[in-house]
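To keep things clear, I will list the structure first and then write my remarks on it.
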Amino acid sequence: MSASAPKIGLLDSGIGGLSVLREIHRQLPGIPTLYIADQAHLPYGSRPLDELHGYVDAMVRFLHGQGASIVVLACHAASAASLYRLRQTWPERRFVGIEPAIKPAVEQSSSHIVGVLTTQATAGGPLFRRVLALYAGQTRVITRVAPDLVTLAETGDPHTPEAERLVRAHVEPLVAAGADQIVLACTHFPFLAETIQRVAGPDVRLVDPGPAVARQVSRLLGAEAVRSGEPDVYYTTGSRDAFRAALQRLLLIDAPVTALRWSAHTAGELSLEEAT
Ligand code: DGL
């Protein structure tokens, strides 16, 4: 075991970032990870960016305190709220954020119509504006805000008729408009990919940013990425048992989960500590 081995910190409002973690596990097996699910504040997608930044900033401080040498904002909404601000606050630290994957979708589109499934925070945030301005070109980008799909991924069974009805309501209009690419611009949505693909049909490609994010983490770590033998650590600000069950259901991982508690200080600063 090496004392200087890097740890990768990840954060999300809930289980969504696990779709990024699973790619990190594939591409960087054995590199220890720290994952925070801020389920006390779920959903992030319907909250103002300034409010989200308060949560993200506190989680980042907690992850740094636990030895994270790189922090992945495994959440589009958190990235929209905080990526630029974190880089300003800690220019010496490494952050990987997620912007909606418009570029690869536009590159692959034959119909020149791209659908985006996302949440309000991401749709109204600076990263989405930036990628649209840079990469959309002549391609028509149709955005659907789908907060009910976050709830479905977080708590529901995506294989029920009711789940399929919810997915259909968002996906069918995109396909009917001619989209041949659907960007999953919320990290919860890869866990609904089977249902989305079934509804969209075989000619539509789903774009999950997880693999590209893991490649970016791998690039940044470079030769630092050595296995240390330390275990992965999971935290939630919500129910420990529920998060542990989700971890088993979604990633087939059986691991203990530590509960975290929020506290507010004078001047409004938030912090996280382990709940006893
Ligand atoms: N998983 C998150 C994202 O990628 C946030 C979902 C939510 O809490 O609304 O945006």
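In listed order, ligands and their atoms are each counted from 1.
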ask   = In the protein, which heavy atom is nearest to atom 7 (C) of ligand 1, and how far is it?
value =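 Ranking protein heavy atoms by distance from atom 7 (C) of ligand 1, first comes Tyr44 N, 3.3 Å.
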ask   = Who's the nearest protein heavy-atom neighbour of atom 10 (O) of ligand 1, and how far?
value =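 Result for atom 10 (O) of ligand 1: Ala77 N, 3.1 Å.
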inquiry  = Checking contacts here: is it the side chain or the backbone of Val150 that comes within 4.0 Å of ligand 1, counting heavy atoms only? Could be both or neither.
reply    =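 The answer is the side chain.
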task = May I ask you to identify, for Asp12, whether its side chain, its backbone, both or neither come under 4.0 Å of ligand 1 on a heavy-atom basis?
result =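 It is the side chain that touches ligand 1; the backbone stays farther off.
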Would you mind listing which atoms of ligand 1 come within a distance below 4.0 Å of any non-hydrogen atom of [X]?
{"X": "Thr187", "value": "1 (N), 2 (C), 3 (C), 4 (O)"}
{"X": "His76", "value": "3 (C), 4 (O), 10 (O)"}
{"X": "Ser13", "value": "5 (C), 6 (C), 7 (C), 8 (O)"}
{"X": "Gly45", "value": "7 (C), 8 (O), 9 (O)"}

inquiry  = Parallel, tilted or perpendicular, judged at 30° and 60°: which one describes the rings of Trp90 and His64?
reply    =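 Judged by the thresholds at 30° and 60°, the geometry between Trp90 and His64 is perpendicular.
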query = What is the ring orientation for His41 with Tyr55, classed by angle as parallel under 30°, tilted 30 to 60°, or perpendicular over 60°?
reply =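 Judged by the thresholds at 30° and 60°, the geometry between His41 and Tyr55 is parallel.
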Do [X] and [Y] have side-chain N/O donor and acceptor atoms under 3.5 Å apart?
{"X": "His265", "Y": "Ser271", "answer": "yes"}
{"X": "Gln88", "Y": "Arg85", "answer": "no"}
{"X": "His53", "Y": "Asp50", "answer": "no"}

request  = Using heavy-atom distances, let me know which of Gly125, Ala78, Cys75, Ala185 sits nearest atom 5 (C) of ligand 1.
outcome  =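 That would be Cys75.
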query = Are the aromatic rings of Tyr235 and Phe62 close, with centres under 6.0 Å apart?
reply =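 Yes, they do, as the ring centres are separated by less than 6.0 Å.
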query = Below 3.5 angstrom, do we get any N/O pair linking Ser46 and ligand 1?
reply =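 No, since none of the N or O atoms of Ser46 sits under 3.5 Å from an N or O of ligand 1.
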task = Evaluate the criterion salt bridge (Lys or Arg N to Asp or Glu O under 4.0 Å) for residue pair Glu172 and Arg144; output intermediate values, then yes/no.
result = CA-CA 11 Å; Glu172 276 184 350; Arg144 275 200 78 99; over 6 Å; no
